Amino acid sequence: MASADLRRPFGSGLSLAAQTVRVGSLSCMSTAQEREMLSAFNRYGFAVLRSTERAGSRQDLLGLRWRFGTPAPHPRADDDGIVPITPAEPVDGFPGSTRSEHLLHTDGAFRDRPEALITLQCVRPAARGGLSVLASAQAARQHLARHFPGRWQALTEPDALTITRTGRTSTQPLFRHRGGVCGLKFRMPDGMSRVVPRPDVRDQFAELCRFFAAPANRLAFKLAPGDVLIADNSAVVHGRTTIPAGEPRMLRRLNFDATGPTCARMVFGFPAAPAAR
Ligand SMILES: [Fe+2]
């Protein structure tokens, strides 16, 4: 695994163009393209792959399996592990299937072992609204360290936060802290999930939610057809803005356990000690 020291926080001013890598197809990148992808991912925790061949096809997305490992389970996944993300068929308990804003979160927060890597392939973007939104867990960690000096430890304790959805519950640290590397597991109360911080960390959790809601801390952008967003699920939170009524939008989600060969050269998490922004 590459060193977490490479990881940097980001906010709304980050250039998306610098995080976008043009490739032929996802399953056939040149060495230079792969290096560019790893450099972008390792620095900020995500990259956008813009493929020109077979762009937007299921096969192109599935071509990532040999790199990133086994697809993560999901109750709505098909046999390949792909979950359709569209407002066409709202499903109870899943904000991604609605038109409402999907608040920033890490995937699999209801499980004790969330997936390590998320990928989202854009099949059809919305003409209006439906922007993808990312924010940096490392920037949030630095913000909390400044606002609540000396109280960081409580967020790393095993019962800091309990998250429940559709019968699944997980009680874990908000910030996992292992071997000098930190990772976030996070969900905001969104009307579909029950999110309960331990009483002594309620104020820190509320500040974390405010941080992720502030425009200066959010990078919002529109994926183009065929684009695939890859992101470190422990270092980057993701969400989506509201989709106006009648506006079609279609993405495919395929998350991974990060056991594939490319992952040995990828950074997961961020340094536990605050770094300069
Ligand atoms: Fe998600």
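Numbering of residues begins at 1 and proceeds along the displayed sequence. Because the structure is a prediction, the values reported are computed rather than measured. Read the numbers this way: they start at 1 and go in the same order the structure lists the ligands and their atoms.
- Taking the ring axis of Phe205 as reference, the NZ or CZ atom of Arg210 does not stay both within 45° of it and closer than 6.0 Å to the ring centre.
- A side-chain donor-acceptor contact under 3.5 Å links Thr262 and Arg67.
- Judged purely by distance below 3.5 Å, without hydrogens or angles, the side chains of His143 and Glu207 pair a donor atom with an acceptor atom.
- In this structure, the side chains of Asn255 and Leu117 stay at 4.5 Å or more apart for every pair of heavy atoms.
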Distance-only check: which donor-acceptor pairs under 3.5 Å involve side-chain atoms of residues 124-136, not counting sequence neighbours?
{"residue": "Arg128", "atom": "NE", "partner": "Glu247", "partner atom": "OE1", "Å": "3.2"}
{"residue": "Arg128", "atom": "NH2", "partner": "Glu247", "partner atom": "OE1", "Å": "3.3"}
{"residue": "Ser136", "atom": "OG", "partner": "Gln138", "partner atom": "N", "Å": "3.2"}
{"residue": "Ser136", "atom": "OG", "partner": "Ala139", "partner atom": "N", "Å": "3.0"}

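- Protein-derived N/O/S atoms nearer than 2.8 Å to the Fe ion (ligand 1) total 3, waters excluded.
- Around the CZ atom of Arg165, the shell of radius 6.0 Å holds more than 12 heavy atoms that belong to other residues, nucleotides or ligands.
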